[in-house]
Amino acid sequence: MNEPSALYSWGMDITLRQMELFLSVAEAGSFTRAAEEVLLSQPVLSRTVQQLEHAVGAKLFERTTRSLTLTPEGTELLGVARDILRTYHRGMERFAAMRAGERGTVTVAALPSVAAGMLPGVFRAVLGSIPRCSCGSWTGPRGR
């Protein structure tokens, strides 16, 4: 595992939900509109964003009675949040597909002659029924 940067604090307690709600506010351009979209009250949404701001140690929005704009820190965190949430959702989709039997890995150890002769047809059959499966063969010497 990579060591964290000295600039980043492991004490930042940030949840995926906070990132999702921050993203909703940033994209809606309004706490009221975002609250309606995510089916939360505006005070709950505002408090969640304030908790996120406290966790990252930066103000994320410039708020006035008429406008809401991202600060430079908010703009940077918006890109980070999008990347994290995109990766999270893709990973959970892969996990769900694996659990549903729609995705997996098949590795077969075989003699080179069997691997060359029989396995291509077997792998085609497997991929025909489970298209998101990966197939491979291992023909190396024993014990390695």
Side-chain angles (χ1 to χ4, degrees), residues 1-110 112 114-115 118-144:
M1 182 182 257
N2 294 335
E3 290 296 316
S5 163
L7 299 175
Y8 170 78
S9 167
W10 282 105
M12 289 185 192
D13 189 15
I14 300 168
T15 67
L16 290 172
R17 183 70 174 155
Q18 287 173 321
M19 288 206 179
E20 288 172 333
L21 295 177
F22 164 68
L23 183 63
S24 295
V25 172
E27 290 177 347
S30 158
F31 278 92
T32 303
R33 279 194 303 273
E36 290 170 0
E37 290 173 11
V38 298
L39 305 175
L40 287 176
S41 69
Q42 189 274 330
V44 169
L45 181 57
S46 184
R47 192 168 38 254
T48 301
V49 170
Q50 287 172 346
Q51 290 167 345
L52 177 60
E53 288 176 323
H54 179 75
V56 299
K59 190 173 178 181
L60 302 174
F61 294 101
E62 289 294 339
R63 300 163 176 90
T64 68
T65 55
R66 297 215 175 251
S67 69
L68 180 72
T69 57
L70 287 165
T71 63
E73 293 85 356
T75 300
E76 184 67 24
L77 187 62
L78 181 62
V80 171
R82 283 182 174 142
D83 289 346
I84 288 170
L85 292 170
R86 185 179 316 111
T87 300
Y88 170 76
H89 291 296
R90 281 187 194 145
M92 293 309 294
E93 286 171 4
R94 281 195 325 268
F95 178 71
M98 185 275 299
R99 295 272 301 149
E102 298 169 2
R103 177 185 183 95
T105 303
V106 175
T107 304
V108 178
V114 173
M118 284 181 54
L119 289 184
V122 171
F123 287 164
R124 272 193 297 282
V126 169
L127 292 172
S129 62
I130 310 172
R132 292 172 54 190
C133 182
S134 62
C135 297
S137 61
W138 182 72
T139 59
R142 284 180 27 172
R144 286 193 190 174

Greater than 12 external heavy atoms within 6.0 Å of [X]'s [atom1]:
X    : atom1 : value
H89  : NE2   : yes
M118 : CE    : no
E76  : CD    : no

Closest approach of [X] to [Y] (non-hydrogen atoms, all atoms of both residues):
X   : Y   : value
A34 : A28 : N-CB, 3.8 Å
A35 : L45 : N-CD2, 3.4 Å
I14 : A55 : CG1-CB, 4.0 Å

Next on the checklist: Among E27, E20, M19, which residue satisfies the side-chain contact (heavy atoms from CB on, under 4.5 Å) criterion with L23?
Outcome noted: E27
Could you give the distance from [atom1] ([X]) to [atom2] ([Y]), rounded to the nearest 0.5 Å?
X    : Y    : atom1 : atom2 : result
M92  : L85  : CE    : CG    : 13.0 Å
R82  : L77  : CZ    : CG    : 11.0 Å
F123 : S134 : CZ    : OG    : 9.5 Å
R33  : L68  : CZ    : CG    : 9.0 Å
L52  : T15  : CG    : OG1   : 8.0 Å
L78  : L60  : CG    : CG    : 10.0 Å

Under 4.5 Å between any side-chain heavy atoms of [X] and [Y], yes or no?
X    : Y    : answer
I130 : V106 : no
L70  : F61  : yes
T48  : F22  : no

Checklist entry - With sequence neighbours left out, which residue pairs that include part of residues 92-107 fulfil the salt bridge (charged side-chain N to carboxylate O under 4.0 Å, His left out) condition? => result none
Checklist entry - Which pairs count as salt bridge (charged side-chain N to carboxylate O under 4.0 Å, His left out) when at least one residue sits in residues 44-62, sequence neighbours excluded? => result E53-R63, K59-E62
Checklist entry - With S67, which residues qualify under side chain to side chain contact (heavy atoms under 4.5 Å, CB included), at least two apart? => result T64
Checklist entry - So, for F95 and Y88, is the gap between ring centers shorter than 6.0 Å? => result no
